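Down below is the structure, laid out as structure tokens.
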Amino acid sequence: MNLTTPINCQVKGTVQCPGDKSISQRVLMIGAFMNQDMKVDGFLHGEDPISTMNALNQIGAAITVNDNGSVQIPKRDFIFCNCDEPLDLGNSGTGLRLMLGFTSGLGLNLSFCGDESLSSRPMDRVLNPLTEMGADINSSNGKLPIKISSSKLTKKYSYELPVASAQVKSSILLAGLASGSVVEIIEPVQTRDHTERMLKNFGANIEIAKKDGKNIIRLGSSNHLSAKNYTVVGDISSAAFLIVAALISNSPGLEITNVGMNPSRTGVLRALEKMGANIEIKNQRLESGEPCADLEVKQSRLKGVELSGEIIPNIIDEIPIISIAAAFADGKTIICDASELRVKESDRLKAVSDGFETLGVKHQNFEDGMTIMGNPHTLQPEEPIFIESHGDHRIAMSFLIAGLRCSQSITVKDCKNIFTSFPNFIELISSIGYKLEK
Ligand code: S3P
């Protein structure tokens with residue numbers, strides 16, 4: 001599916017932010033382990049959470065979707081079962097890495113597969129600690145296809161994260177939860193803490209302390225989780241596309257409601273505010289243990305910034321769309337310490353650079369980042385533009401938003417992966433005045 005941008009548009013109005021992908025995946029696994037029926041509202045019906053739901057149902061979870069879109073997770077009065085068919089996690093790194101931990105902890109015999117992108121991504125970052133915990137795992141050089149064989153995990157495990165990854169942290173926590181092991185994770189750089197918050201919200205025996213600037217996360221062995229309801233807040237990573245759309249188009253104002261404001265995810269707001277963005281945060285509240293708010297965004301004159309160090313894990317999914325904002329800012333933006341972008345759904349540094357090359361945005365690449373020479377003027381190419389998405393949802397949406405500042409249409413090729421994280425993207429941005437053509 002290719003998508004083509006209209007020209008001369010501005011976005012305005014009010015939209016509701018779609019549910020958070022990270023939280024939707026976690027609530028399925030943790031909810032399936034809970035000894036109580038639970039109803040989940042605000043769930044993201046994107047392809048990634050759905051592939052996690054299907055995988056859980058293959059091992060007996062019996063999760064269903066109600067007519068109004070809420071998700072029903074039944075009480076765990078059954079024993080999770082092995083399955084001959086591989087669990088297919090599609091495009092989802094979070095789904096696969098978290099399920100590897102969860103099912104190793106359950107002591108199941110399973111095999112896992114995924115699409116071409118997921119099959120090329122490194123899984124050794126979770127396979128190594130899980131193997132140290134006692135899991136019996138076979139992979140193809142640290143990649144899919146992966147097989148796990150029933151094994152008992154060690155009673156106590158401590159691990160210092162060598163990469164700043166919430167997926168690795170969560171995979172170990174879920175392995176500990178499912179096996180009843182005590183786990184301690186030492187996290188040198190803060191990453192998204194949805195798993196910790198959710199476990200705490202459901203009554204788990206989890207403590208987080210600070211030592212020498214590092215987070216020490218301890219999950220105890222006996223966890224009795226309970227909650228009848230859970231509400232998933234909106235995904236700030238999806239909101240980021242709408243925010244930048246309002247900032248770079250001639251927008252009189254765009255309101256985005258129900259945006260998740262977990263401090264381990266709001267780096268994108270800090271980065272954009274540093275660039276001069278006019279974003280008002282309203283109605284701050286707490287929903288199922290996660291902060292959320294409504295945002296009012298107005299067109300802003302942006303300037304270049306430097307983004308490096310500790311903020312990078314916090315904005316890792318938003319760097320492609322921040323790069324689009326930087327392309328239309330005054331002056332230079334420097335992004336470094338971001339080599340993790342090379343192992344996302346695509347090599348995102350290369351994908352952004354390829355798109356910039358086609359659009360004529362001046363930039364320089366390096367191994368762990370890039371410099372973007374911003375130019376606040378609308379791009380004036382001589383002909384319509386065609387850009388490769390590299391099969392990556394965030395690259396596709398980023399370059400579609402860039403079309404708001406281009407005098408010719410931009411066609412982004414192979415956009416079907418937008419449905420992994422933002423299933424109503426096309427309808428939603430059409431409702432605020434930006435109608436993409438299929
Ligand atoms: C995620 C963590 C991040 C992020 C991904 C979702 C999660 O990945 O990029 O989109 O839900 O835990 P890493 O853990 O690889 O940094």
Side-chain angles (χ1 to χ4, degrees), residues 18-30 43-44 46-49 51-52 89-102 114 117-118 120-130 142-143 159 161-175 185 187-199 215 217 232-241 260 262 264-268 290 310-322 337-349 351 368 392-395 397-398 417-418 420-422:
D20 189 280
K21 177 156 78 81
S22 292
I23 297 175
S24 293
Q25 312 236 58
R26 283 157 170 79
V27 79
L28 292 175
M29 292 179 224
I30 299 175
F43 182 82
L44 176 74
E47 287 174 0
D48 279 7
S51 57
T52 298
L89 274 308
N91 191 246
S92 179
T94 304
L96 177 60
R97 292 185 177 128
L98 270 57
M99 281 297 283
L100 283 167
F102 186 56
S117 150
L118 191 59
S120 70
R121 296 179 67 188
M123 293 300 140
D124 40 3
R125 53 183 60 195
V126 293
L127 302 184
N128 293 340
L130 292 173
K143 293 187 177 158
Y159 188 67
L161 295 174
V163 271
S165 165
Q167 293 177 353
V168 177
K169 170 175 69 175
S170 303
S171 183
I172 300 169
L173 284 171
L174 292 176
I185 296 161
E187 183 179 53
V189 181
Q190 176 75 55
T191 65
R192 64 189 70 188
D193 63 357
H194 303 302
T195 307
E196 299 92 302
R197 278 175 187 259
M198 194 179 289
L199 286 170
N215 290 330
I217 304 149
V232 179
V233 297
D235 198 325
I236 193 167
S237 302
S238 298
F241 298 105
N262 181 317
S264 63
R265 299 283 300 280
T266 46
V268 59
E290 290 279 349
E310 295 221 339
I311 196 170
I312 297 296
N314 196 312
I315 59 171
I316 196 73
D317 290 343
E318 292 76 63
I319 291 177
I321 188 64
I322 293 174
D337 304 322
S339 56
E340 271 294 303
L341 289 176
R342 299 222 178 261
V343 289
K344 292 294 177 190
E345 286 83 329
S346 70
D347 175 342
R348 287 187 173 154
L349 286 171
D368 68 348
D392 184 325
H393 54 132
R394 298 202 197 280
I395 298 300
M397 289 185 276
S398 297
N417 275 345
I418 289 176
T420 61
S421 67
F422 203 151

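Here the structure is a predicted model, which is why all the values come from computation and not from measurement. Numbering of ligands and ligand atoms starts at 1, following listing order.
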Expected output: side-chain [X] to main-chain [Y] donor-acceptor under 3.5 Å:
X	Y	result
D392	S346	yes
S264	D193	yes
R97	G93	no
K344	L349	no
S171	Q167	no

(request) Would you mind checking which non-hydrogen protein atom is closest to atom 4 (C) of ligand 1, with the distance to 0.1 Å? (result)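 The answer is D317 OD2, 3.3 Å.
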
(request) Among all protein heavy atoms, pick out the one at the shortest distance from atom 6 (C) of ligand 1; state its residue, atom name and that distance to 0.1 Å. (result)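 The closest one turns out to be T94 OG1, 3.3 Å.
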
Enumerated ligand 1 atoms positioned under 4.0 Å from heavy atoms of [X]:
X	value
A166	12 (O), 14 (O)
I316	9 (O)
S165	13 (P), 14 (O), 15 (O), 16 (O)
K344	3 (C), 4 (C), 8 (O), 9 (O), 13 (P), 15 (O), 16 (O)

(request) Could you check if a side-chain atom of N417 sits within less than 4.5 angstrom of a side-chain atom of E345, using non-hydrogen atoms only? (result) no

(request) Kindly compute the distance separating CG (L44) from NZ (K21), expressed to the nearest 0.5 Å. (result)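 The CG atom of L44 sits 8.5 Å away from the NZ atom of K21.
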
(request) Tell me which one of R348, R394, Q167 gets a heavy atom nearest to atom 1 (C) of ligand 1. (result)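 Checking each option, the heavy atom nearest atom 1 (C) of ligand 1 is found in Q167.
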
(message) Please classify the R192 to ligand 1 contact at 4.0 Å (heavy-atom distances, strictly less than): side chain, backbone, both or neither.
(response) side chain

(request) For ligand 1, indicate whether the residue R26 contacts it via side chain, backbone, both or neither (heavy-atom separation under 4.0 Å). (result) side chain

